[in-house]
Amino acid sequence: MVRISVDEEDLGDCKPGMTILEILRKRYGGDLKGILGVKISSRVLSLRDEITDSSEITTLKITDPEGMTLVCDSLAHVLARAVSRIIPDATMASLSSGQNEFSYDFKTNPITEETMSQLQKIMIEILKDAQTPQIERLSKTDLLYMFRENAFKKTIIEGLDENSEDHVVWHLGDFADLCHGPHLLNLREIDSDAFELKSVSAVHWRGDRRNVQLQRISGVAFPSRKDLVLHQKECKELEKRDHRRIGKDLRLFMLEEDNPGMPFLLPNGMTIVNRLVEFWRDTHRNEGYQEISTPILLTKDLWLQSGHWHKYAENMLITALDEREYAIKPMNCPGAILVYQNIIHSYRDLPLRYSEIGLVHRHELSGVISGLFRVRAFRQDDAHIFLMESQIADELDKVIRLIDNTYRVFGFSYVVDVSTRPEQFIGNVETWERSTSILMEVLRKRNMAFRIKEKEGAFYGPKIDFHIRDCLGRYWQCGTIQLDFSMPERFNLEYLSSDGGSRRPVMIHRVVFGSIERFLGILIEHYGGKFPLWLCPIQIRVLPVTDSQLGYARTVADKLRNLGLVTEIDDSQNSISKKIRMAHKERIPYMVIIGSQEENESCISVRTLDNETYNQLSTDSFCESVICKIKTKTLGYQLVI
RNA sequence: GCCACCGUAGCUCAGCCGGAAGAGCAGCUGACUUGUAAUCAGCAGGUCGGGAGUUCGAAUCUCCCCGGUGGCUCCA
């Protein structure tokens, strides 16, 4: 006998081998509507599964995340069923499902969007028809026989253990599919108005480019129509915040058809970049960095020595100069190394921190470039630190603190990954293990949680990656800290130790923003164009109500400018309402309204971008509050008067 | 690089089963002098992404190229 509880109610002893369905009936009677599956510990099971051990069972409803995974799994099968109806020669390959998404890959001719909407209609019909899928448990041999004509399914089945119960056959009428479960008992549990087919794309079998090309249809699903509508609204919100949209509207940068992947920064965008870089210079100077600048074009010999010519050739842009081959730098490290080699270093110089805002170019595939997020030319806020092995832990701690302090200023939280030794690596295993454990030890000492990404380190060393979380909950990789024992080796870097002997330094490569262009893109979306005051290209606009206040308005504007505040004056013939509307659209944080009343009383009225108004304010107290905000890099526009 | 979709005025878009290129906003000119998210009128603005083809005639149909969007893969 096994002891079973369901939803925290003890059912006492049950016979092993009972199905979950039977057990649930003991608890809830015949009406199990709304129960999609169950969870035992963290394992999700179907109602048809059998119980062999004592268990605490939790039922899963459509509102539970795990409940939705069951729905998505079924929707993938239903999609396959729909495809089999209108594209009979499509071969089902593999499916995947998550909490709110599902997809199925097929070997077939390209699928158009028209077909997609047709498929969606058929799926709805199938769901409304609400047949109960039948599950058939077969041996591996029988599965292989059943799917003998489907090479993809055969490959999947061949990969199964001999006695695996992981895969079953999912029947819906005369349609049969391989299912790894757990699955829904009844399609009636799915709201046919709460899913949507989203996109079709070309993928390769098992993600390997050498394999055949498949068509992937993917969709999203939610517990109810209401949730789907909410999701659609969120997508619209994302669209509104799209940095490409806002970048165009606010004239921050431009993208030009004949130079794809090469963003042009416009005056407004450059203002923001300059403020970011000024901030970056301040913090780095305080941390003992020395800024350098290395050429964009460097000789082939250097790239041969660094290993880039072999390891990174595909992404490098090659050119020639005076019959010698050169490459446009895709990374800044070799340049920094040449600077290190320029003079002999003593152990007293270390850690030696060279920082560089380096413009790099990479030949990214045309299909991946996108806005500022993925480009072919970008600035990195790079630094290369040369140090002794004994200094690694302290230096890492410093770099982490610098990164943490920087992200804090923008209101970003972040998560951290440690990537370990990859299959292809250089150096010796012992050094790798030691340095990897140093990375983890430093994080632990700081009480920082981290995920471990096995075998994802750079070929020359392990690394810590920082993924910042924006206000919409999306993560972006920005900062990275990489330990490198390889480049110093390749370039025979040395320093003189206290005993007069030559030693090899270690290198740390690190960025905080990552790519300045990408970081700008993230900031645009994070703030929706409403940047913190210290970053705003235009901080204040003075709006006279009529022309007769122009004189006083100019006096006020001059005063603000003299205090270093970026101030414009709207001397157009527009109505005050229109002027306000324009300023809002241009995301100007402060609108200083000047009418006859303000002029007579020698004061100003202020309206913020967040629609707060401050009337009859003295110019001085406004300035004081704004300047303080800029100095402290405060977020938000609320004035403290 | 691969698949689908898209490309018309500076911006947002209409026109597209072939038959004289349109609107709103922005711009310019003028009038209005306005109190917290669009004052009114006029003017100007386009090799319809590029090239080839079909046709008496192509923004519209076909093919090739370029670029963009969403995915795949890759990454800062």
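A note on names: the letters A, B, ... follow the listed sequences, proteins ahead of strands, and every chain is numbered from 1.
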From B:G1, B:U33, B:U36, nucleotide with atom closest to A:Thr546 side chain: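 Nearest to the side chain of A:Thr546 among the choices is B:U33.
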Taking the side chain of A:Gln213 as its heavy atoms from C-beta onward, which of B:C3, B:G35, B:U12 lies nearest to it?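 Closest nucleotide among those given: B:C3.
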For [N] versus [M], give the span between their [atom1] atoms, rounded off to a whole number of Å.
N: B:A41; M: B:C6; atom1: C1'; value: 37 Å
N: B:G24; M: B:G19; atom1: C1'; value: 28 Å
N: B:G7; M: B:C16; atom1: C1'; value: 14 Å
N: B:G1; M: B:U47; atom1: P; value: 29 Å
N: B:U12; M: B:G50; atom1: C1'; value: 24 Å
N: B:C48; M: B:U39; atom1: P; value: 35 Å
N: B:A59; M: B:C74; atom1: C1'; value: 38 Å
N: B:A4; M: B:C11; atom1: P; value: 28 Å

What is the distance, to the nearest angstrom, from the [atom1] atom on [X] to the [atom2] atom on [N]?
X: A:Leu359; N: B:A76; atom1: CG; atom2: C1'; value: 13 Å
X: A:His467; N: B:A76; atom1: NE2; atom2: C1'; value: 11 Å
X: A:Lys579; N: B:C32; atom1: NZ; atom2: C1'; value: 13 Å
X: A:Asn615; N: B:G35; atom1: CG; atom2: P; value: 15 Å
X: A:Arg362; N: B:A76; atom1: CZ; atom2: P; value: 6 Å
X: A:Lys585; N: B:U12; atom1: NZ; atom2: P; value: 12 Å
X: A:Asn332; N: B:A76; atom1: CG; atom2: C1'; value: 11 Å
X: A:Met582; N: B:C25; atom1: CE; atom2: C1'; value: 10 Å

State whether [X] places a side-chain N or O below 4.0 Å from either non-bridging phosphate oxygen (OP1 or OP2) of [N].
X: A:Arg245; N: B:U12; result: yes
X: A:Arg607; N: B:A37; result: yes
X: A:Gln380; N: B:A76; result: no

At what distance, to the nearest 0.5 angstrom, does CG of A:Leu439 lie from OG of A:Ser419?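 If we round to the nearest 0.5 Å, A:Leu439:CG and A:Ser419:OG are 9.5 Å apart.
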Is there a Watson-Crick or G-U wobble partner for [N] with both distances under 3.5 Å, and if so, which one is it?
N: B:G18; answer: none
N: B:U69; answer: B:A4
N: B:C28; answer: B:G42
N: B:U34; answer: none
N: B:U62; answer: B:A52

Atom pairs, protein N/O to nucleotides 62-72 of chain B N/O, distance under 3.5 Å:
{"residue": "B:U69", "atom": "OP1", "partner": "A:Arg244", "partner atom": "NH1", "Å": "2.8"}
{"residue": "B:G70", "atom": "OP1", "partner": "A:Arg244", "partner atom": "NH2", "Å": "2.8"}
{"residue": "B:G70", "atom": "OP2", "partner": "A:Arg244", "partner atom": "NH1", "Å": "3.3"}
{"residue": "B:G70", "atom": "N2", "partner": "A:Val200", "partner atom": "O", "Å": "3.0"}
{"residue": "B:G71", "atom": "O2'", "partner": "A:Ser201", "partner atom": "OG", "Å": "2.7"}
{"residue": "B:G71", "atom": "N2", "partner": "A:Ala202", "partner atom": "N", "Å": "3.3"}
{"residue": "B:G71", "atom": "N2", "partner": "A:Ala202", "partner atom": "O", "Å": "3.1"}

Is any side-chain N or O of A:Glu314 under 3.5 Å from a base N or O of B:G1, one able to act as donor and the other as acceptor?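 Result: no qualifying N/O pair found.
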CD (A:Glu314) with more than 12 external heavy atoms under 6.0 Å: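 No - once you tally the heavy atoms of other residues, nucleotides and ligands closer than 6.0 Å, there are 12 at most.
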Flag if over 12 foreign heavy atoms under 6.0 Å of CZ, A:Arg451: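 Enclosed.
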Under 6.0 Å between the ring centres of [X] and [Y]?
X: A:Phe412; Y: A:Phe466; answer: no
X: A:Phe622; Y: A:Tyr614; answer: no
X: A:His231; Y: A:Phe222; answer: yes
X: A:Trp303; Y: A:Tyr312; answer: no
X: A:His467; Y: A:Tyr475; answer: no

Assess whether salt bridge (Lys or Arg N to Asp or Glu O under 4.0 Å) is satisfied between A:Lys198 and A:Glu101, documenting all intermediate values. CA-CA 10 Å; A:Lys198 274 259 176 181; A:Glu101 72 240 347; over 6 Å; no
Pick the nucleotide of RNA chain B nearest each of A:Glu517 and A:Ser596; which residue has the one closer to the 5' end?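 Taking each residue's closest nucleotide, the earlier one in sequence belongs to A:Ser596.
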Relative to the 5' end of RNA chain B, which residue comes earlier, A:Lys248 or A:Lys463, by the nucleotide with the nearest heavy atom?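 Residue closer to the 5' terminus by nearest nucleotide: A:Lys248.
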I'd like to know if the side chain of A:Asp381 reaches the main chain of A:Gly514, judged simply by a donor and an acceptor atom lying under 3.5 Å from each other, with no hydrogens or angles considered.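 Side chain of A:Asp381 to backbone of A:Gly514, a donor-acceptor pair under 3.5 Å: yes, one is there.
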Heavy atoms under 4.0 Å, any strand shown: does [X] hit a base, just sugar-phosphate, or nothing?
X: A:Ile576; answer: sugar-phosphate
X: A:Ile111; answer: sugar-phosphate
X: A:Glu586; answer: nothing
X: A:Val360; answer: nothing

Tabulate atom names and distances for all N/O pairs under 3.5 angstrom spanning the protein and nucleotides 39-47 of chain B.
{"residue": "B:U39", "atom": "OP2", "partner": "A:Ser575", "partner atom": "OG", "Å": "2.9"}

Determine the sole option in A:Val399, A:Ile400, A:Ile403 for which the side chain to side chain contact (heavy atoms under 4.5 Å, CB included) test with A:Ile464 is passed.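 Among the candidates, only A:Ile400 passes.
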Tell me whether A:Lys329 is salt-bridged to A:Glu356, with the criterion being a basic N under 4.0 Å from an acidic carboxylate O.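 Between A:Glu356 and A:Lys329 there is a salt bridge, with a charged N closer than 4.0 Å to a carboxylate O.
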